[in-house]
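Each remark here refers to the structure printed beneath this line.
In this text the structure is predicted, and so the values were computed from the model without any measurement.
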Amino acid sequence: MSRVAFITGATRGIGKQIAITLAKSGCNIAVNYRTENDDLKSIKQEIESNNVKFFAVQGDVSNYEDCERCVKEIIAEFGQIDILVNNAGITRDTLLIRMKKEDFEQVINVNLIGTFNVTKNVIPYMLKARSGRIVNISSVVGISGNAGQTNYAASKAGIIGFTKSLAKEVASRGVLVNAVAPGFIQTQMTEVLKDEVKEEIAKTIPLKRMGTAQDVANVVKFLTSEDSSYVTGQVLHVDGGMLM
Ligand code: NAP
């Protein structure tokens, strides 16, 4: 039977590319989206063109009840969740001196608490199945820190602690939990930066370019495949050598 992969925040950027890549490797795909989006139709078509099933669930990952419902809907549709990719994330960048309490809370609520909300609802099914793969999307900023991103860096560092702790809790039940730490990736999240800023950052990257969503999706595919069956509790950097 085909494996079922659930990807949060998969309407665009890295999440969308992960969904398409896992579909190409033969997984049935469940995506979560927050806002109604015209792109969903084309994502559905692209996924289904790989002869796999597609199912979309609406919900805000920062809302526990939404996550509970989304997971129930996926289980009702597919009966199992074999792969979970916690991808949904936001930024609200500004220096701490100017940061509002809401800017801090929003980022923690979506990125970190969202990861808890979804995982908490999925994990019972993986434990029962005695197998499963969870990949949490962190960031190099969660390791290095970054001026203007105290909220985001705290959320992404939190995801690393969450990943390692859960990996230890569930290893004996055949569930593998890893994190991916992307560097500077071309998506809507980084589109807001001026071209000069992007060029300056690219110069500091040993591989001399921004990453693509596909670069990240390829590593997620590895971490959900048989090839990584002895890898758990790890943080894999996908950053062109930016942080080493
Ligand atoms: P993006 O283009 O901004 O896409 C983010 C996705 O998350 C969107 O589909 C968005 O949906 C969804 N989302 C946001 N808040 C949500 C919520 N509360 N509930 C459900 N879905 C929500 O960002 P991206 O660059 O692809 O980033 C994907 C992940 O990679 C994030 O966790 C990000 O922190 C991480 N990352 C990105 C980079 C980079 O350079 N791009 C680097 C390191 C890590 P809506 O449109 O409905 O908001």
Legend entry - Exceeds 12 heavy-atom contacts within 6.0 angstrom, atom NZ of K208: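 Yes, enclosed.
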
Inset, instruction - Please indicate whether K198 has more than 12 foreign heavy atoms, meaning atoms of other residues, nucleotides or ligands, lying under 6.0 Å from its NZ. - result: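 It does: K198 NZ has more than 12 such atoms within range.
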
Do the side-chain N and O atoms of [X] and [Y] include a donor-acceptor pair separated by under 3.5 angstrom?
{"X": "D39", "Y": "S42", "result": "no"}
{"X": "T115", "Y": "N86", "result": "no"}
{"X": "Q149", "Y": "N151", "result": "no"}

Inset, instruction - Supply the atom-to-atom distance C67 SG to N117 CG, rounded to the nearest 0.5 angstrom. - result: 4.5 Å

Legend entry - L243 side chain near S144 side chain, heavy-atom distance below 4.5 Å: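 Yes. Closest side-chain heavy atoms under 4.5 Å.
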
Inset, instruction - Would you check if V235 and N178 make a side-chain contact, meaning some heavy-atom pair closer than 4.5 Å? - result: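 They are not in contact (no side-chain heavy atoms under 4.5 Å apart), so the answer is no.
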
Legend entry - Candidate pair N136 and T163, rule side-chain hydrogen bond (donor to acceptor under 3.5 Å, both in side chains), full reasoning: CA-CA 7 Å; N136 298 319; T163 300; 3.0 Å; yes

Legend entry - Derivation of the salt bridge (charged side-chain N to carboxylate O under 4.0 Å, His left out) call for E199 and K203: CA-CA 6 Å; E199 279 161 27; K203 275 186 204 158; over 6 Å; no

Cluster check [X], [Y]: I/L/V/M/F/W/Y, side chain < 4.5 angstrom:
{"X": "I74", "Y": "V61", "value": "yes"}
{"X": "I14", "Y": "M210", "value": "no"}
{"X": "L176", "Y": "V220", "value": "no"}
{"X": "F116", "Y": "V180", "value": "no"}
{"X": "I185", "Y": "M242", "value": "no"}

Legend entry - Under 3.5 Å: donor-acceptor pair, side chain of N87, backbone of I137: no

Legend entry - Verdict with supporting geometry, E65 and R69, salt bridge (charged side-chain N to carboxylate O under 4.0 Å, His left out): CA-CA 6 Å; E65 285 71 35; R69 176 182 47 74; over 6 Å; no

Heavy-atom pair with the smallest gap, counting every atom of [X] and [Y]:
{"X": "R3", "Y": "T224", "result": "NH1-O, 2.7 Å"}
{"X": "Q58", "Y": "R34", "result": "NE2-O, 2.7 Å"}
{"X": "T94", "Y": "M99", "result": "O-CE, 3.2 Å"}

Inset, instruction - Run the salt-bridge test on E105 and K101 with the 4.0 Å N-O cut-off and return the result as yes or no. - result: yes

Inset, instruction - Answer yes or no: is there an ion pair linking R98 with D93, defined by an N-O contact shorter than 4.0 Å? - result: no

Legend entry - For D215, the option from Q186, R209, Q17 that meets side chain to side chain donor-acceptor pair (under 3.5 Å): R209

Inset, instruction - Decide yes or no on side-chain hydrogen bond (donor to acceptor under 3.5 Å, both in side chains) for S228 and R133, but give the supporting numbers first. - result: CA-CA 10 Å; S228 62; R133 298 294 179 97; 3.0 Å; yes

Inset, instruction - Evaluate the side-chain hydrogen bond (donor to acceptor under 3.5 Å, both in side chains) criterion for residues N37 and T35: first the C-alpha distance (whole Å), next the side-chain angles of each, then the deciding distance (0.1 Å), finally the verdict. - result: CA-CA 6 Å; N37 191 310; T35 354; over 6 Å; no

